[in-house]
Number of protein chains: 4
Amino acid sequence: MPQTARKRRPEARPDEILDAALAVFGEQGFAQARVEDIAKRAGLSKGAVYLYFPSKDAMLNALVEQSAGKLARAAEQLVAIGAPGDPETALRSLIRMLLTAMSDPDISAAPRLVLTEAGRSPEIAAHYRSQVLDIARRAMGRLLEAGVASGHFRPVDRDALMRVMGGPCIAHMVLTTIFDLPPKDITDPAEMADALCDLILFGLVPREEAA
Amino acid sequence: MPQTARKRRPEARPDEILDAALAVFGEQGFAQARVEDIAKRAGLSKGAVYLYFPSKDAMLNALVEQSAGKLARAAEQLVAIGAPGDPETALRSLIRMLLTAMSDPDISAAPRLVLTEAGRSPEIAAHYRSQVLDIARRAMGRLLEAGVASGHFRPVDRDALMRVMGGPCIAHMVLTTIFDLPPKDITDPAEMADALCDLILFGLVPREEAA
Amino acid sequence: MPQTARKRRPEARPDEILDAALAVFGEQGFAQARVEDIAKRAGLSKGAVYLYFPSKDAMLNALVEQSAGKLARAAEQLVAIGAPGDPETALRSLIRMLLTAMSDPDISAAPRLVLTEAGRSPEIAAHYRSQVLDIARRAMGRLLEAGVASGHFRPVDRDALMRVMGGPCIAHMVLTTIFDLPPKDITDPAEMADALCDLILFGLVPREEAA
Amino acid sequence: MPQTARKRRPEARPDEILDAALAVFGEQGFAQARVEDIAKRAGLSKGAVYLYFPSKDAMLNALVEQSAGKLARAAEQLVAIGAPGDPETALRSLIRMLLTAMSDPDISAAPRLVLTEAGRSPEIAAHYRSQVLDIARRAMGRLLEAGVASGHFRPVDRDALMRVMGGPCIAHMVLTTIFDLPPKDITDPAEMADALCDLILFGLVPREEAA
DNA sequence: CATGAATGAGAGTTCATTCAT
DNA sequence: CATGAATGAACTCTCATTCAT
């Protein structure tokens, strides 16, 4: 007896709704997206959505957890594993992970939506902060500590480093996705990640050549 | 002899309205702000606002021109003047200018509001792009060229540099203003600017000491 | 067991709203009528009206279909059935139907409202034209053809006849309903219809008496 | 010393304004027309218009007086002069005058605008009634009396005749101007007037031929 | 006479959320 | 669980009219 698509996984409903929400938010933006569109895309009625999420804002928060939060936790893992041994490689991996994520519209959607809605809703801001930013900040702090301890990194300010590492990722997303200003000469995200890493690691000023 | 409210300084009206708009947008966000609140703050009736601006969106665009546009043009000037002689100092000045601006809620308001509304309105996005981003991008391009020509800078990718220089400024604004995550150890924006410059110029990896 | 206001007769809602719209439009005119008044009269909230009609204009168009459109189709039927056999009687019946309709404020409301709004909205004009005028014109054309073919009518111009038959009905409505100039000596609409038919059929000039 | 156009005839201002109003009302309709547009077209400021007319509605009423009222008085004259001698010719002239007027957008503008606004404003309705309709009705009554007295016309009901004579003129205007349904086969207004007169005078039913 | 800045009431439409069924 | 009809608050923009100058 074949199950219909609709009844297949009743326990998967929340995820189905979030998938739909991601798609609709991504296409139209949070404010422009109508809950009914999300419901339809998920094969549900408008009212049913409210059985799973108490509000539209809550959907965004759930999306943040599922998407950006997962990414942040992965970044944390990456640092935890890689930083003690080879902080420079860990940093490269980290930046590449973030930049690649920001280049993928589906993954960058949550941060982008939060950027748009956080000013309106302190709850959304606080949630993103706790689910993403605090984790990322902690990871960067550890990476920095490890690098400094092993002599790979200079002892710079942690918050400055967070801005220098995270900022380009945000900027890349904002410029590419919102302002349609993708990089002209570097088309591959991985290549761009490497260019950014080189800059972050070695700076703009040329190093003295060993005589 | 007190002047009546009417016709007091008719030629100053647009600026008065923009001042009020800046304040109200800053407090409540663009979408949440009601035109009537702006009008009241400017000492006008709702309808009078529309004598000077055709729409709410137009107010934001005007704000962009007045605030971020002016900043972008100043940055361009700074680069035009300083880059040929001393690109490193020019870059330091530039970053300090941007970072300080982003630390001031009144100046960072326009970019912040645009970040929120650009996704909804292609016109706002295009306006900001042409009034701010294109100018900034051009200035950074010139700064880079000058620095490379004089041997002060490595020949890095221009768009990567734009992300590395602009990103931390955006990140600083977003983290400080929206997510209430100001730097912990560096409280002075100028100091933070210097820290960022050091990182951007010299990188995270320690330089070989001259023996 | 009293039903709650909600969901009482969901399938009758559109008609209930149209009834209310007819009443409110009739009392206040289209432009002056507020959607909320219509909603209240229909026992609904303002927003609920938009579940059934996409706009205020659409309500007027629906009213046209329901009221004047039905009348036009009835006129077409009448002609189709009666004209082949006895065109003169068919014409009398037709005029009487139209004149009586125009004498009833509820039935003449739609044409009257369209007369007011068609200048503003090409859509409303086109809708009325296709739903009412084209049908009436076609019917009159057929009536004329049948009458001419059977020798009952002179072969006059079709559009002139439409003006001579339809014009008095419009004039009657306009004079009676808008300008409060009802006929002085003939109080019964049917009687007025007969007087008009006599004029249309036999003309103002007396016929030669058979010797 | 050449006078500027603006200052040439200060006493002609009201007429200049009415000319502008006629043009703007005709192009956009009464409700859609903005007083400022009328003022601009008349070479005046918005406020100045109110030195000559107390309200927008008053402009329409003045237009009625100047345009339709003049026509009605001309019709009255025509009847007063022609009806006693040759009522049939007088009626033909009258219909031709009315039909031709209704075919000219500039002349039919006032009745058309009144048709649109009378439902909203009893004052406009009353004004049109007294300035146009009552006069026309009186003239038709006299024409009918004269024709009946001289044996040229059958003794029909006066209000019915008014509907039969005026109706086609209104219908012609409405169909042609508002619903874009001009006559297909008769393109010349004078010809259409003749066709209408033939119908009104001799009826649709063929006359017995004198043996 | 003339200006034009200012007023302020006004209404259609949208949509997140609720709840009777 | 699910539906979908219903709610009701919110807000921009328009424009006839006024009046200080």
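We name chains A, B, ... by the order of the sequence lines, and we start the count at 1 in each one.
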Sequence neighbours left out, cut at 3.5 Å: what donor-acceptor pairs do the side chains of residues 26-41 of chain A make with other protein atoms?
from, atom 1, to, atom 2, distance (Å)
A:E27, OE2, A:R41, NH1, 3.4
A:E27, OE2, A:R41, NH2, 3.2

Hey, does [Y] have a side-chain heavy atom less than 4.5 Å from the side chain of [X]?
X: B:F25; Y: B:E117; value: no
X: C:V49; Y: C:M59; value: yes
X: C:Y128; Y: C:L60; value: no
X: D:V114; Y: D:V64; value: yes

Heavy-atom closest pair, residues [X] and [Y]:
X: D:A109; Y: D:L22; result: CB-CD1, 3.6 Å
X: B:F53; Y: B:A62; result: CE2-CB, 3.7 Å
X: D:S55; Y: D:Y50; result: CA-CE2, 4.1 Å

inquiry  = On DNA chain E, compare the nucleotides closest to C:F30 and B:L44; which residue's is nearer the 5' end?
reply    =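 Final value for this comparison: B:L44.
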
inquiry  = Return whichever of B:G47 or C:G47 has its heavy-atom-nearest nucleotide of DNA chain E closer to the 5' end.
reply    =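 Final value for this comparison: B:G47.
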
request  = Could you check D:Q32 against B:V35 and say which one's nearest nucleotide on DNA chain F is further toward the 5' end?
outcome  =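 This one resolves to B:V35.
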
task = Specify the residue among B:E36 and A:L51 whose closest nucleotide of DNA chain F lies further upstream toward the 5′ end.
result =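 Nearest nucleotide further toward 5': that of A:L51.
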
Atom-pair distance ([atom1] on [X]; [atom2] on [N]), nearest Å:
X: B:R34; N: F:dA10; atom1: CZ; atom2: P; answer: 8 Å
X: C:Y50; N: E:dA16; atom1: OH; atom2: C1'; answer: 18 Å
X: A:F53; N: E:dT18; atom1: CZ; atom2: P; answer: 16 Å
X: C:I17; N: E:dT13; atom1: CD1; atom2: C1'; answer: 15 Å
X: B:K40; N: F:dC11; atom1: NZ; atom2: C1'; answer: 13 Å

ask   = Between B:N61 and B:Q131, does any side-chain donor sit less than 3.5 Å from a side-chain acceptor?
value =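 On atom types as modelled, these side chains do not qualify, holding no pair under 3.5 Å.
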
message = Could you check whether any side-chain N or O of A:S121 sits under 3.5 Å from a backbone N or O of A:A118, counting only pairs where one atom can act as donor and the other as acceptor?
response =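 No, because the side chain of A:S121 does not come within donor-acceptor range (under 3.5 Å) of the backbone of A:A118.
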
ask   = Does any residue of residues 112-128 of chain D have a heavy atom under 4.0 Å from DNA chain F, and if so, which ones, in number order?
value =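 Under 4.0 Å from DNA chain F: no residue of residues 112-128 of chain D.
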
request  = Please list, chain by chain and in numerical order, all residues satisfying salt bridge (charged side-chain N to carboxylate O under 4.0 Å, His left out) with B:E123, sequence neighbours excluded.
outcome  =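 Per chain and number, B:E123 pairs via salt bridge (charged side-chain N to carboxylate O under 4.0 Å, His left out) with no residue.
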
message = Side chain of D:R13 only, heavy atoms from C-beta on: which candidate in E:dG12, E:dA2, F:dC11 is closest?
response =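 Out of E:dG12, E:dA2, F:dC11, the nucleotide with an atom closest to D:R13's side chain is E:dA2.
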
ask   = What nucleotide among E:dT7, E:dG12, F:dA2 has an atom nearest to a side-chain atom of A:S45?
value =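 Among E:dT7, E:dG12, F:dA2, the one nearest the side chain of A:S45 is F:dA2.
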
query = How would you label the contact of B:A39 with the nucleic acid (heavy atoms, under 4.0 Å): base, sugar-phosphate, or nothing?
reply =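 Touches nothing.
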
task = With heavy atoms under 4.0 Å as the rule, sort C:A31 into base, sugar-phosphate or nothing.
result =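 The residue C:A31 makes no contact with any strand.
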
request  = Return the stems involving DNA chain F, sorted by first number, where pairs are Watson-Crick (N1-N3 with N6-O4 or O6-N4) or G-U wobble (N1-O2 and O6-N3), both under 3.5 Å, and runs are 3 or more long.
outcome  =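 DNA chain F stems, ordered by first number: E:2-21 with F:2-21.
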
Residues within residues 54-61 of chain A bordering DNA chain E, heavy-atom distance below 4.0 Å =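 Those residues are A:S55, A:K56.
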
message = Check this for me: does the side-chain of A:K46 come within 3.5 Å of the base of F:dT3 through a donor and an acceptor?
response =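 In this structure, the two groups form no donor-acceptor pair.
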
message = For E:dA2 and D:Y52 - does any side-chain N or O of the residue sit under 4.0 Å from the phosphate oxygens OP1/OP2?
response =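 For E:dA2, OP1/OP2 do have a side-chain N/O of D:Y52 under 4.0 Å.
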
message = List the residues meeting side-chain hydrogen bond (donor to acceptor under 3.5 Å, both in side chains) with D:S108, not counting sequence neighbours, and say none if there are none.
response =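 Only D:R112 meet the side-chain hydrogen bond (donor to acceptor under 3.5 Å, both in side chains) criterion with D:S108.
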
